[in-house]
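A quick write-up on the structure given underneath.
Both ligands and their constituent atoms are indexed starting at 1 by order of listing.
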Amino acid sequence: MQALVGVLALQGAFAAHEAALTEVGATTRQVRTPADLAGVQALVMPGGESTTMSRLLETSGLFDEIRARLVDGMPVFGTCAGMILLAADVLDGRPDQRSFAAIDIAVRRNGYGRQIDSFETDLTVEGEELPFHGVFIRAPKVETFGPEVHVLASHEGVPVLARQGNVMVASFHPELTGDARLHRRFLQHHDIN
Ligand code: GLN
């Protein structure tokens with residue numbers, strides 16, 4: 001049976017994630033309300049604006065529902081703003097910004113600076129033969145991470161792709177390069193699809 005993978009669709013770059021997930025054989029569902037989570041086996045949190053997403057997660061009633069599912073072990077893949085939403089600590093966030101604290105990392109919003117706020121680079125990813133092209137757009141920068149965090153790729157010594165338990169995060173945008181290897185890997189790691 002095809003896996004049903006939710007894509008948080010409150011704001012941001014969710015359509016490109018749907019395309020990547022479809023390419024690796026999953027069925028996707030846009031998640032905007034708690035009811036949309038029913039039957040969803042895994043969730044992707046896209047890039048966008050984490051402050052806006054945080055607010056919409058609250059007003060939609062999704063925040064508590066998603067948190068409960070995460071505690072339950074639902075696999076989640078957060079990219080860029082999605083990584084911020086999953087982090088234990090958010091530096092330079094808005095004071096009212098909330099996160100799920102699902103992975104033991106501290107991230108600084110827009111941590112790669114204003115001068116070079118967007119850049120692209122080839123990344124060496126653990127277990128992948130060919131490099132993965134990383135597109136960074138006002139990306140969060142990991143400042144610290146706990147011993148439970150497994151780093152899968154780094155850029156200049158800073159983790160940019162990591163996993164802890166059911167949570168995978170990327171500070172770049174794997175959905176924008178037409179290369180669905182990380183989406184496939186996310187699903188395969190959890191025996192989905
Ligand atoms: N800087 C954005 C934020 O803080 C994230 C950027 C992105 O997702 N491309 O939410």
Determine, stepwise, if the pair Glu23 / His183 fulfils side-chain hydrogen bond (donor to acceptor under 3.5 Å, both in side chains).
CA-CA 9 Å; Glu23 194 186 318; His183 291 80; over 6 Å; no
How about Phe119 and His155: are their ring centres within less than 6.0 Å of each other?
yes
Derivation of the salt bridge (charged side-chain N to carboxylate O under 4.0 Å, His left out) call for Arg108 and Asp92
CA-CA 6 Å; Arg108 187 170 298 280; Asp92 289 343; 3.1 Å; yes
Return the set of residues passing ring pair (Phe, Tyr, Trp, His ring centres under 6.0 Å) with His173 (not counting sequence neighbours), or none when no residue passes.
none
Side-chain donor-acceptor contact under 3.5 Å, Glu18 with Gln30:
yes
Would you please write out the protein residues whose heavy atoms approach any atom of ligand 1 to under 4.0 angstrom, listed by chain and number?
Gly47, Gly48, Glu49, Ser50, Cys80, Ala81, Ile84, Arg109, Asn110, Ile137, Arg138, His173
For a salt bridge (charged side-chain N to carboxylate O under 4.0 Å, His left out) check, start with the C-alpha distance between Asp64 and Arg67, then their side-chain angles and the critical distance, and finish with the verdict.
CA-CA 5 Å; Asp64 290 342; Arg67 185 168 51 190; 3.1 Å; yes
